[in-house]
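Every chain is numbered from 1 and lettered A, B, ... according to where its sequence line falls, protein lines coming before strand lines.
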There are 2 protein chains.
Amino acid sequence: MAVTIKDVAKLANVAPSTVSRVIANNPRISEATKKRVKEAMKELGYHPNFSARSLANQNTQAIGIVMPSSGNSVFQNPFFPEVIRGISAKAHENKYALYMTTGTSEQEMYDGVVDMIQGRRVDGIVLLYSRVDDRIMTYLQESNFPFVVIGKPFRNIEDITHIDNDNFRAAQDATEHLIQQQHDRIGFVGGDRGLVVTVDRLLGYEKAIQKAGLTYRDDYVVHEEFLEEGGQEAINELMSLEEPPTGLVVTDDLMALGILKTLSEMDIKVPDDISVISFNNVMLSEISTPSLTSVCINIFWLGYEAADSLIEKIKVPETKPKRVTVPYRLVERNSCQTRQTN
Amino acid sequence: MAVTIKDVAKLANVAPSTVSRVIANNPRISEATKKRVKEAMKELGYHPNFSARSLANQNTQAIGIVMPSSGNSVFQNPFFPEVIRGISAKAHENKYALYMTTGTSEQEMYDGVVDMIQGRRVDGIVLLYSRVDDRIMTYLQESNFPFVVIGKPFRNIEDITHIDNDNFRAAQDATEHLIQQQHDRIGFVGGDRGLVVTVDRLLGYEKAIQKAGLTYRDDYVVHEEFLEEGGQEAINELMSLEEPPTGLVVTDDLMALGILKTLSEMDIKVPDDISVISFNNVMLSEISTPSLTSVCINIFWLGYEAADSLIEKIKVPETKPKRVTVPYRLVERNSCQTRQTN
DNA sequence: TTGTAAGCGTTATCAA
DNA sequence: TTGATAACGCTTACAA
């Protein structure tokens with residue numbers, strides 16, 4: 001077995017409880033013994049056993065991360081490594097480790113989350129997505145376990161701490177950016193309509209269209225799962241309309257990349273023939289050709305704030321639910337240009 | 001407190017140990033009591049407490065994942081979500097959960113790993129990269145803790161279970177692919193030369209060059225950190241040579257994407273003016289324009305095998321170290337073409 | 001086939 | 001300021 005608190009106690013000639021106090025940095029312990037114990041720890045190479053500690057403590061110093069199921073293609077989105085980096089940064093500052101459940105189906109994910117919570121593997125959970133009518137979120141709420149959501153909860157917003165951008169306004173701004181560039185036929189390409197973020201961005205788009213006095217056209221709004229089979233068809237149809245759009249608001253950089261490809265295959269030039277603006281500003285948007293004008297939503301920051309709010313909630317359970325809004329900003333690159341009216 | 005084994009025992013009118021046996025599916029327990037206990041568990045909504053179990057068991061049912069430090073830009077590489085997906089799949093089959101350390105510096109990572117191991121947070125570790133002279137790997141070896149490496153260990157290969165592609169041959173094949181397409185001026189663009197995989201691929205490239213009777217030129221070999229400041233310069237220089245290459249072997253799809261961009265800015269057309277072949281075959285290689293001819297290294301599979309070997313090692317500690325070689329295959333797309341000799 | 005009881009490595013309460 | 005000692009929730013000899 002590894003070296004335990006007892007070994008340290010023996011070597012330092014104190015009781016185990018004293019060693020425990022030294023670890024916890026209990027103020028009422030003499031500097032002398034503190035030093036002696038610390039030396040003993042160093043000498044033996046002592047490391048506290050987390051399981052034992054958790055058991056006694058009722059706390060794990062671990063945060064659970066719930067991603068979309070890995071069967072889902074969004075799993076591939078660079079959004080995730082980046083939020084995790086943010087979460088991780090804050091977690092690390094507070095000596096929390098990260099724990100992940102995974103699963104290839106919604107059911108597996110659900111079971112994983114239940115296990116994680118009921119099995120007391122973690123002190124709190126960050127839900128990395130928000131979808132309409134999500135069992136997991138419902139469960140989290142009912143279980144009364146500390147958790148925060150990245151994104152906007154579909155219901156019970158008031159009761160759930162969540163970290164989000166103002167996606168409505170962001171989409172409105174993005175759309176208006178195209179409008180300012182003289183575009184008046186603007187399409188919207190959304191991702192999974194089950195995601196609240198998709199809905200929010202669509203609403204923002206609609207608002208901008210309406211506010212500018214343009215007519216909202218159903219056939220300008222498509223949803224594609226570009227990673228799936230046949231994902232290109234939606235774009236094909238869109239561009240085959242009698243009056244195809246000259247500007248596109250796309251809800252995700254990765255989708256925009258796919259669209260860039262489809263367009264190039266149709267021999268439609270970006271930004272000359274059509275302007276494309278998208279969201280997230282992942283590193284790819286910079287290295288694609290053309291580089292993408294994208295709304296930077298500060299992914300890292302979302303993660304960082306999420307961990308921050310969660311840790312607060314863990315430490316002070318009475319903390320009121322709150323909404324943290326992370327700012328966004330439009331980053332202009334080369335996928336948009338003023339419409340050529342000739 | 002949550003419902004414990006005692007509560008279940010009481011309700012089912014048996015001893016706690018019996019409940020424990022039912023959980024462990026101990027064969028010598030009567031079907032009758034087994035059923036009774038199971039009903040009690042269901043009725044109370046019992047879930048075993050992992051900490052308690054780990055403490056008694058000396059096992060955590062968790063696998064630790066060690067990524068490069070998140071300060072490092074490779075963190076962004078879609079390689080990671082994909083290996084993790086693979087690890088996760090196998091882990092899940094065996095009811096292992098995933099645990100992640102993170103940190104922004106090598107030191108932080110190191111401390112995290114030590115904590116994870118000494119604190120008995122995990123039963124084994126998957127190291128997701130292999131670099132020349134890595135402290136963490138050295139530590140893992142010395143600590144005699146179950147671990148596997150994805151990639152080829154820099155030293156002590158015989159003693160370390162690792163999962164890898166034959167990167168030497170893969171690079172040789174990739175280079176020969178260009179040679180077959182009549183290219184005779186072929187450059188090599190590598191990533192971090194501290195990574196063993198970079199070295200292996202470079203050697204494979206050299207071998208192919210030499211085997212084909214082409215002359216190896218120092219100035220055709222560059223290493224770039226394309227995500228870093230000034231990453232484009234290496235390519236710029238390469239293409240400004242008096243006799244610039246007409247083919248490029250690039251060690252990573254993401255780098256290849258960056259190169260595609262740099263080339264397009266220099267008004268050099270791919271594949272017309274220059275052919276590019278890269279590695280990893282991440283989803284992006286398909287949706288880039290042009291799509292990338294890439295060596296598929298079966299990332300998911302790497303992860304899956306890694307978890308498999310690790311779990312075996314955890315269960316049977318005497319297991320001999322072994323090397324698992326995951327096959328690769330060249331996926332032809334549109335970034336390469338036969339050299340136009342006119 | 002089942003129960004009793006010790007032990008896993010901590011923390012925390014109560015005395016001293 | 002420190003030491004005994006009882007939890008924490010589970011597993012596992014050993015007994016029955």
Side-chain angles (χ1 to χ4, degrees), chain A residues 1-38 40-41 44-62 95 97 115-123, chain B residues 1-38 40-41 44-62 95 97 115-123:
Chain A
M1 271 326 71
V3 21
T4 80
I5 216 172
K6 287 183 186 170
D7 304 317
V8 177
K10 203 162 292 172
L11 181 62
N13 241 302
V14 294
S17 49
T18 302
V19 178
S20 177
R21 288 192 185 99
V22 173
I23 295 170
N25 219 320
N26 190 315
R28 44 198 203 181
I29 218 104
S30 76
E31 283 305 320
T33 46
K34 199 174 271 181
K35 202 181 144 207
R36 200 145 40 87
V37 169
K38 278 189 176 157
M41 297 200 308
L44 297 175
Y46 169 78
H47 281 265
N49 180 310
F50 277 104
S51 303
R53 191 186 270 230
S54 302
L55 188 56
N57 248 355
Q58 312 283 43
N59 103 4
T60 62
Q61 290 296 335
K95 303 206 178 300
D115 251 41
M116 199 146 98
I117 293 185
Q118 302 293 345
R120 294 284 180 279
R121 278 219 202 227
V122 298
D123 295 337
Chain B
M1 270 329 71
V3 20
T4 80
I5 217 174
K6 285 184 188 169
D7 303 317
V8 178
K10 203 163 291 172
L11 181 61
N13 241 303
V14 294
S17 51
T18 303
V19 177
S20 176
R21 291 193 183 98
V22 172
I23 294 170
N25 218 319
N26 190 315
R28 48 200 202 178
I29 219 101
S30 75
E31 282 306 321
T33 47
K34 200 173 269 183
K35 200 177 147 207
R36 199 144 41 87
V37 169
K38 279 189 176 157
M41 296 200 309
L44 296 176
Y46 170 77
H47 281 265
N49 180 311
F50 277 104
S51 304
R53 191 188 272 237
S54 303
L55 190 55
N57 250 355
Q58 311 283 44
N59 102 4
T60 61
Q61 289 296 336
K95 303 205 178 301
D115 250 42
M116 203 147 97
I117 293 185
Q118 302 291 347
R120 296 283 181 280
R121 280 220 200 226
V122 297
D123 295 336

Atom-pair distance ([atom1] on [X]; [atom2] on [N]), nearest Å:
{"X": "A:Asn49", "N": "C:dG7", "atom1": "CG", "atom2": "C1'", "answer": "13 Å"}
{"X": "A:Met41", "N": "C:dT10", "atom1": "CE", "atom2": "C1'", "answer": "14 Å"}
{"X": "B:Phe50", "N": "D:dG9", "atom1": "CZ", "atom2": "C1'", "answer": "13 Å"}
{"X": "A:Asn26", "N": "C:dT13", "atom1": "CG", "atom2": "C1'", "answer": "13 Å"}
{"X": "B:Asn57", "N": "D:dT12", "atom1": "CG", "atom2": "C1'", "answer": "10 Å"}
{"X": "A:Asn25", "N": "D:dT1", "atom1": "CG", "atom2": "C1'", "answer": "15 Å"}
{"X": "B:Ile5", "N": "D:dT12", "atom1": "CD1", "atom2": "C1'", "answer": "12 Å"}
{"X": "A:Lys6", "N": "D:dA4", "atom1": "NZ", "atom2": "P", "answer": "13 Å"}

So, for [X] and [Y], which heavy atoms are closest and what is the spacing to 0.1 Å?
{"X": "A:Ala15", "Y": "A:Ala9", "value": "C-CB, 3.8 Å"}
{"X": "B:Gln61", "Y": "B:Asp123", "value": "N-OD2, 2.8 Å"}
{"X": "A:Val3", "Y": "A:Leu44", "value": "CG1-O, 3.5 Å"}

Could you list the residues that satisfy side chain to side chain contact (heavy atoms under 4.5 Å, CB included) with A:Ala62, not counting sequence neighbours?
->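 Side chain to side chain contact (heavy atoms under 4.5 Å, CB included) list for A:Ala62, sorted by chain: A:Thr60, A:Val122, B:Tyr99, B:Arg121.
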Taking any heavy-atom pair under 4.0 Å as a contact, classify [X]: base, sugar-phosphate, or nothing.
{"X": "B:Ser51", "value": "nothing"}
{"X": "B:Ser54", "value": "nothing"}
{"X": "A:Pro16", "value": "nothing"}

Among [options], which nucleotide sits nearest the side chain of [X]?
{"X": "B:Ser17", "options": "D:dG9, C:dA5, D:dC8", "answer": "C:dA5"}
{"X": "B:Ser20", "options": "C:dG9, D:dT11, C:dT11", "answer": "D:dT11"}
{"X": "B:Val14", "options": "C:dT10, D:dC10, C:dG3", "answer": "C:dG3"}
{"X": "B:Tyr46", "options": "C:dT2, C:dG9, D:dC10", "answer": "D:dC10"}
{"X": "A:Gln58", "options": "D:dG9, C:dG3, D:dT12", "answer": "D:dG9"}
{"X": "A:Ala52", "options": "D:dC10, C:dT10, D:dT2", "answer": "C:dT10"}
{"X": "A:Arg21", "options": "C:dT10, D:dG3, C:dT2", "answer": "D:dG3"}
{"X": "B:Arg28", "options": "C:dG3, C:dT10, C:dT2", "answer": "C:dT2"}
{"X": "B:Arg53", "options": "C:dT2, C:dT11, D:dC10", "answer": "D:dC10"}
{"X": "B:Ala15", "options": "D:dG9, C:dG3, C:dT11", "answer": "C:dG3"}

Can you find a side chain N or O atom of A:Thr18 that sits less than 4.0 Å from OP1 or OP2 on D:dG3?
->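 Yes, because at least one side-chain N or O of A:Thr18 sits under 4.0 Å from OP1 or OP2 of D:dG3.
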Check whether any side-chain nitrogen or oxygen of A:Asn59 sits under 4.0 Å from OP1 or OP2 of D:dC8, and answer yes or no.
->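 No, outside the criterion.
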Are side-chain heavy atoms of B:Ile23 and B:Ile5 found at a separation under 4.5 Å?
->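 Of all side-chain heavy-atom pairs linking B:Ile5 with B:Ile23, at least one is under 4.5 Å.
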Side-chain touch B:Arg36/B:Asn13, heavy atoms, less than 4.5 angstrom =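 B:Arg36 vs B:Asn13: side chains touch.
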With DNA chain C as reference, determine whether B:Leu55 or B:Pro27 sits nearer its 5' end, using the nearest nucleotide of each.
->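 First, find each residue's nearest nucleotide; the 5'-ward one identifies B:Pro27.
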